[in-house]
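We name chains A, B, ... by the order of the sequence lines, and we start the count at 1 in each one.
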Number of protein chains: 2
Amino acid sequence: MEVQVMEPRKVRKNYHHGDLRAELLRSARTLLEQQGISVLGLRAITRHAGVSSAAAAPHFGNLTGLLSALATTGYEELAAALEPVLEKGAHAAGLVYVRFAINNPGLFTLMFRSDVIDRKDPILATASTRTSRMLTLLIDNLKDHPPQRTRTGTRAAHWGKVHGLAVLAIDGFLDVLLSSQGEDMSLEDLLDDALR
Amino acid sequence: MEVQVMEPRKVRKNYHHGDLRAELLRSARTLLEQQGISVLGLRAITRHAGVSSAAAAPHFGNLTGLLSALATTGYEELAAALEPVLEKGAHAAGLVYVRFAINNPGLFTLMFRSDVIDRKDPILATASTRTSRMLTLLIDNLKDHPPQRTRTGTRAAHWGKVHGLAVLAIDGFLDVLLSSQGEDMSLEDLLDDALR
DNA sequence: GGAGGAATCTTATCATTGATAAGTTTGACT
DNA sequence: AGTCAAACTTATCAATGATAAGATTCCTCC
């Protein structure tokens, strides 16, 4: 239906979009969440944005550049969502992490698809390490003292659990777990339980 | 270098390979582990097997069919690796799970790439559910009683942790965790610690 | 044992993709 | 106003997966 907020800046006749870079990222994200990662081609994105298929090159170079930029926004959003709960303990933070994944399954998946994004892209690398540093910081604030573990072990254990739950939730395996069991339990309750 | 064991059955002149189906799966797996999932095209696989690019169609239909069959062998191998430790507790089983992922990173990744495999393929679905049933069975045998959890919650928590560690290990994030910390610790030790 | 029929494999072709060179339009700066 | 660089389009290329048509081989039934 092309919900198009009438943009006040440029008239957008033919050439020169105004902020094509941002709109390409928007289009890509919409397509990503609506139709999945497999349709996320250069032509589909530019078509959705209403420009020619070569219009992305000046802004992103190639498809990998565009997807890397999109993944970068994902890491930034995740970090922003994590920040308010930094002091609230790992349980709350785990929920935020998994909820972000469930609410943005395409984007979250893209963030860990090293075959289509360029991890050596400096901007992406910065955002990525910032987010993971935030995560380890968060885990280190943990109240329940490590029983017999290395600090690194504790970090891996928690991040692993949270990340695994996120991935399994996106792939539908948690729903399978839920429906195979008789107990009618919401996914949210299951996560709350598993993250305890 | 094309290490080619002289096959005794068919002479393999031109037509009729003998067991092309198996060889295509072998070629695909080799390429997958050697060069990553992004080069796993129909043409690359058939080229590696020394046949024409249309030779896979009679056996697998299309690329998705081939990759689904390959993923199926992955689920079967994982189940076979898990079976001997079924009684040994969740710690040992977790190690087996993650080791399988680390030793077969491409295959393991493919097994959870729902965009390139067909989860509705009956054979794949059978192998997949068999493996996950084995996993839940294994977790249910757990010694450490669930503290305050639903059984489903315990299953999700354990599978999540193990799967998350596997994924993070493949993507190199655990190495980052290890190297950022001063403690020189092997990945194996880290996993052993985190899975406790 | 040979002949037909079906399955396997090849060749040729098509639509589609990402990349890129060359040309056109626009905005910015002097 | 005039110039120049950036943004955008058009046209084209090599490569991909799919598939139809043809060649080869295996297998079964007479």
Could you please name the option among C/dC9, D/dT16, D/dT9 that lies closest to any side-chain atom of A/Ser52? D/dT9
With nearest nucleotide decided by heavy atoms, which residue, B/Leu42 or A/Arg21, maps closer to the 5′ end of DNA chain D? A/Arg21
Rounded to the Å, how far apart are B/Leu40 CG and D/dG17 P? 9 Å
Distance in angstrom units between B/Leu66 CG and D/dT16 P, rounded: 16 Å
Can you tell me which nucleotide in C/dT20, D/dT12, C/dT8 comes closest to the side chain of A/Ala54? C/dT20
In A/Thr154, A/Thr150, A/Thr152, the residue satisfying side chain to side chain donor-acceptor pair (under 3.5 Å) with B/Asp193 is A/Thr150
Among C/dT10, D/dA18, D/dC8, which nucleotide has an atom closest to any side-chain atom of A/Pro58? D/dC8
Partner of B/Leu42 by side chain to side chain contact (heavy atoms under 4.5 Å, CB included), out of B/Leu66, B/Leu24, B/Asn62: B/Leu66
Taking CG from B/Leu63 and P from D/dA18, how many angstroms apart are they, rounded to a whole number? 6 Å
Side chain of B/Leu20 (C-beta onward), nearest among D/dA18, C/dC9, D/dC8: C/dC9
Nearest to the side chain of B/His59, which nucleotide is it out of C/dA19, D/dA18, C/dT8? C/dT8
Send over the distance from B/Phe60 CZ to C/dT8 C1', rounded to a whole Å. 13 Å
Can you tell me if the side-chain N/O atoms of A/Asn62 get under 4.0 Å from OP1 or OP2 in C/dG18? no
Measure CD/A/Glu23 against C1'/D/dC8 and give the value in whole Å, please. 14 Å
If you check every side-chain atom of B/Ala55, which of C/dT10, C/dT20, D/dT9 has the closest atom? C/dT10
Stepwise, does the side chain to side chain contact (heavy atoms under 4.5 Å, CB included) test hold for B/Val162 with B/Leu135? CA-CA 11 Å; B/Val162 169; B/Leu135 267 169; 5.9 Å; no
Given C/dT13, D/dT9, C/dT17, identify the nucleotide with an atom nearest to the side chain of B/Arg43. C/dT13
Gap between atoms CG and P, on A/Asp19 and C/dT26 respectively (whole Å): 19 Å
Tell me the interatomic distance from A/Leu24, atom CG, to C/dG18, atom P, rounded to whole angstroms. 13 Å
Side chain to side chain contact (heavy atoms under 4.5 Å, CB included) partner of A/Asp171, the single match among A/Leu168, A/Leu174, A/Asp175, A/Val167: A/Val167
Checking B/Glu77, B/Glu33, B/Arg29 against B/Asn104 for side chain to side chain donor-acceptor pair (under 3.5 Å), the one that qualifies is B/Arg29
